[in-house]
Amino acid sequence: MKAIYLILLSILFVASGQLLLKQGLTELGTLDFSSAHLSSTLFLVFTKPLVLLGLFLFASSSVLWLTALSRAELSYAYPLLSIGYATVAITSFILFHESPSWTRILGIAIILIGVSLLALNGGKHEQPSP
Amino acid sequence: MSSLLLKLILLSDILLGSIAQVLLKKGMKENPVQLSFKGLFTTLIKMYTNKFVFLGSLIYASSTIIWIGIISKVELSYAYPMVSLNFVIVALLSKIFFKEHVTKVRWLSIFLIITGVVLLSFS
């Protein structure tokens, strides 16, 4: 698989992992982390399927990222992670009905222009697959 | 905690995150892998037993924990744009350690991305 697809998939996994964790923890409500209740709270958190799925997605995304690093230049791959900022911002506008300010829309647009410029000019520096 | 000390911790944490990426890259460069469902377990063992990948992951995890401590004390809209300094530091370190050719277009992309992240942090 080409590095760019591994990177995009890795970002997708992180972003959805984040949303699943958020949803899982929201469903659990107020959590008591005082020492008297710590172990039962941790048990509650780590037996919640949405939380476990979120953590699994994080782990998978790091494997994808490492695989991407074994073939793409770091100065090419790393800035592409900023797609995550734009994705999370856009997703929260949609899911949480936040109304985006013009500054934020401009910010997202500029990030995406930078990312496209990088991605479109990065291919020739990619190292061959092992 | 004094605000100067907090700033220093924030900057050190950003640097730690960049160093972690360089270590991960170093490990994966000398030990490239192909992902497939068949033999996935062997691949994972091969990845994470590499000393650079192991150390890089450890440093990355530490920097994340420090980050959580930082944002409990600093406004996120201040801390977040600072993290985009990572893009510049990682590019410089890639140039130094891996002799990567960071083209003008690549620097321009990094500049645009940082501008975007700063704008995004304004509410």
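These numbers come from the heavy atoms of this one structure, side chains and all, not from hydrogens, waters or symmetry mates. Keep in mind the model is a prediction, meaning the values are calculated, not measured. Letters A, B, ... mirror the listed sequences (proteins, then strands); counts begin at 1.
Only the side chain of Phe98(B) comes within contact range of chain A, with heavy atoms under 4.5 Å apart. Of the atoms belonging to Ile110(B), it is side-chain heavy atoms, and not backbone ones, that fall under 4.5 Å from chain A. When heavy atoms are compared at a cutoff of 4.5 Å, Ser62(A) approaches chain B by way of both its backbone and its side chain. Contacts of Tyr48(B) with chain A are made by side-chain atoms alone, with heavy-atom separations under 4.5 Å and no backbone atom involved. At a 4.5 Å heavy-atom cutoff, Val118(B) makes no contact with chain A through either its backbone or its side chain. With a 4.5 angstrom heavy-atom cutoff, Ser94(B) touches chain A only via side-chain atoms. With a 4.5 angstrom heavy-atom cutoff, Leu93(B) does not touch chain A via any of its atoms.
The side-chain heavy atoms of Glu27(A) and Lys22(A), taken from C-beta on, include no pair separated by under 4.5 Å. In this structure the side chain of Leu11(B) reaches within 4.5 angstrom of the side chain of Met82(B), judged on heavy atoms. The shortest distance between side-chain heavy atoms of Leu117(A) and Arg106(B) does not fall below 4.5 Å.
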TODO: Could you walk me through whether Asp32(A) and Thr41(A) pass the side chain to side chain donor-acceptor pair (under 3.5 Å) test, one step at a time?
DONE: CA-CA 6 Å; Asp32(A) 185 354; Thr41(A) 303; 5.6 Å; no
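For chain A, the option among Met47(B), Gln21(B), Lys95(B), Glu30(B) with the highest count of heavy-atom pairs below 4.5 Å is Gln21(B). Among the candidates Thr43(B), Val117(B), Thr115(B), the residue making the largest number of heavy-atom pairs closer than 4.5 Å to chain A is Val117(B). Your options are Val102(B), Asn86(B), Val22(B), and the one with the most heavy-atom pairs under 4.5 Å with chain A is Asn86(B).
Remark: Lys46(B) NZ is packed, more than 12 non-hydrogen atoms of other residues, nucleotides or ligands lying under 6.0 Å away.
Salt bridge absent: Lys99(B) and Glu73(A) never bring a charged side-chain N and a carboxylate O closer than 4.0 Å.
Separation of the Phe87(B) and Tyr78(A) ring centroids falls under the 6.0 Å cut-off.
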